[in-house]
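Structure record follows, encoded as structure tokens.
Values in this document were obtained by computation on a predicted structure and should not be read as measured data.
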Protein chains: 2
Amino acid sequence: MPYGDAMNARVRSAERRAEIVRAALEVIAERGYRGASLAAVAERVGLTQQGLLHYFPTKEALLVAVLEERDQWDAVPATQWRVDLLAALVEYNAMRPGIIQTFSALLGESVTEGHPAREYFTDRYRRVRENMAGVLRAEYGERLPSGLTPERAAPLLVAVMDGLQYQWLLDPESVDMPGAFRDFLALLGERA
Amino acid sequence: MPYGDAMNARVRSAERRAEIVRAALEVIAERGYRGASLAAVAERVGLTQQGLLHYFPTKEALLVAVLEERDQWDAVPATQWRVDLLAALVEYNAMRPGIIQTFSALLGESVTEGHPAREYFTDRYRRVRENMAGVLRAEYGERLPSGLTPERAAPLLVAVMDGLQYQWLLDPESVDMPGAFRDFLALLGERA
DNA sequence: CCCGTTACCTGTAACGCGGTAGGTTTCGTG
DNA sequence: CACGAAACCTACCGCGTTACAGGTAACGGG
């Protein structure tokens with residue numbers, strides 16, 4: 001046994017599942033959800049397509065696991081966010097194109113009819129907008145430039161993050177994503 | 001000289017092609033490019049899949065025609081754009097979800113590997129950023145709030161437009177796309 | 001040591017896809 | 001009117017896809 005007796009079966013199984021999810025993230029980044037085949041994911045972890053179905057009974061179940069992993073990743077308590085942490089997050093993301101590409105591709109697909117991730121993104125954005133409004137309020141108080149409230153500015157903040165991601169993914173040379181995001185934050189931080 | 005009826009045949013053919021492109025826009029909005037089947041497009045114009053291939057020899061050729069139609073649509077001379085026209089455009093788009101959804105879906109897909117629309121979007125965004133920088137310069141002069149130059153603000157403007165579209169497509173009730181866009185323009189219009 | 005569970009595999013069903021081949025009808029032109 | 005081209009159609013090919021069925025080998029707790 002290469003892994004030794006310390007590792008019991010349940011842990012090994014969970015690890016295998018995590019490995020599969022990681023591979024799925026990659027394949028979705030490369031081909032989107034619709035274009036990602038179970039066989040391609042399976043091959044990346046040394047399984048057959050049917051072997052993969054042993055862990056995730058349907059393709060959609062695998063997608064759900066992918067989305068859950070993301071939720072877990074950015075489950076920072078809303079109260080702990082600060083604007084400078086957002087800037088740092090964008091900077092960090094700029095060094096990991098893979099994760100951005102996965103969720104940019106998924107977001108794009110999700111607006112199509114009956115896409116299994118649609119509800120996920122709808123809920124998520126509603127939540128994130130609320131969070132961001134809170135962050136802005138904590139940082140800048142009730143009044144932002146042009147008399148904007150945090151609630152009105154929050155969708156803009158989210159839009160800038162997403163929109164910059166697409167421009168950056170398409171043409172990293174031409175778009176300084178972290179810099180542009182800082183520019184936007186400076187815009188919000190202006191004294192009215 | 002091939003006058004008259006020769007013309008008619010050519011016109012009819014061009015009309016049919018336009019009809020097919022229109023149907024393709026719809027189907028792509030609903031299922032994305034990868035998810036859009038030639039058969040589905042064909043059915044919508046009363047053709048078989050093979051009949052459609054008579055007009056567009058491959059699926060990719062059809063996509064190219066779709067992208068060309070868009071280029072033609074927003075081929076407004078850069079010098080003629082003004083900021084208030086952008087706001088009006090966003091407002092207009094909010095009444096035509098179809099077209100937004102088509103290109104939001106395509107944009108999302110385009111960041112995946114070897115997608116046939118990737119180059120199109122890369123080039124397009126570069127062009128649009130330049131245009132927008134010009135628009136901002138004409139409207140606000142050289143200095144915007146926070147000391148931003150038009151060139152630095154342009155990617156933000158584009159990002160806001162795209163990002164708002166996704167939020168709005170996912171949840172039109174919760175997102176006032178035209179209003180939010182006007183908010184952003186007001187932010188840029190603040191006196192420094 | 002046995003026996004159920006886990007972790008896979010092979011085989012295959014069932015379907016949808018883009019694209020080719022080749023025929024037939026319709027139509028405008030000389 | 002004759003002919004060639006355009007505008008379709010039917011038939012079909014080969015491949016990729018998800019998912020189901022059922023088998024097998026290994027592991028681990030009693």
Next on the checklist: Main chain of A:Leu38, side chain of A:Gln49: is a donor-acceptor contact present, judged purely on distance under 3.5 Å?
Outcome noted: no
Next on the checklist: Under 4.0 Å between a side-chain nitrogen and a carboxylate oxygen: does that hold for B:Arg182 and B:Glu91?
Outcome noted: yes
Checklist outcome for this item: Going 5' to 3' through nucleotides 10-22 of chain D and flagging B where a protein heavy-atom sits under 4.0 Å of the base, S where only the sugar-phosphate is that close, and - otherwise, we get BBB----SBBB--
Item to check | Positions of residues 109-120 of chain A (non-hydrogen atom under 4.0 Å from DNA chain D), listed by number | outcome: none
Next on the checklist: With a cut-off of less than 4.0 Å, is there a side-chain N or O of B:Arg16 near OP1 or OP2 of D:dA6?
Outcome noted: no
Next on the checklist: Please determine whether a side-chain nitrogen or oxygen atom of A:His54 lies at a distance below 4.0 Å from atom OP1 or OP2 of C:dC8.
Outcome noted: no
Item to check | B:Glu43 CD - D:dC8 C1' separation (whole Å) | outcome: 17 Å
Checklist entry - Starting at CZ of A:Arg12 and ending at P of C:dT5, how long is that distance when rounded to a whole Å? => result 18 Å
Next on the checklist: Could you tell me how far apart B:Arg17 (CZ) and D:dC8 (C1') are, to the nearest whole angstrom?
Outcome noted: 16 Å
Checklist entry - Distance only, no hydrogens: is a donor on one side chain within 3.5 Å (strictly under) of an acceptor on the other, for A:Tyr166 and A:Asp171? => result no
Next on the checklist: Please determine whether side-chain hydrogen bond (donor to acceptor under 3.5 Å, both in side chains) holds for the pair A:Arg34 and A:Thr112, giving the CA-CA distance in whole Å, both sets of side-chain angles, and the decisive distance to 0.1 Å.
Outcome noted: CA-CA 11 Å; A:Arg34 282 202 168 98; A:Thr112 62; 3.1 Å; yes
Checklist entry - Below 4.0 angstrom from OP1 or OP2 of D:dC8, is there any side-chain N or O of B:Tyr55? => result yes
Checklist entry - Should the pair B:Glu19-B:Arg16 be classified as a salt bridge under the 4.0 Å nitrogen-to-oxygen rule? => result yes
Checklist entry - Got a donor-acceptor contact below 3.5 angstrom from the A:Glu139 side chain to the A:Arg82 backbone? => result no
Checklist entry - Salt bridge between B:Glu142 and B:Arg137, side-chain N to carboxylate O under 4.0 Å? => result yes
Item to check | Spacing between A:Phe56 atom CZ and C:dT6 atom P, to the nearest angstrom | outcome: 16 Å
Next on the checklist: Do the side chains of A:Arg44 and A:Glu30 get close enough for a salt bridge, i.e. N-O under 4.0 angstrom?
Outcome noted: yes
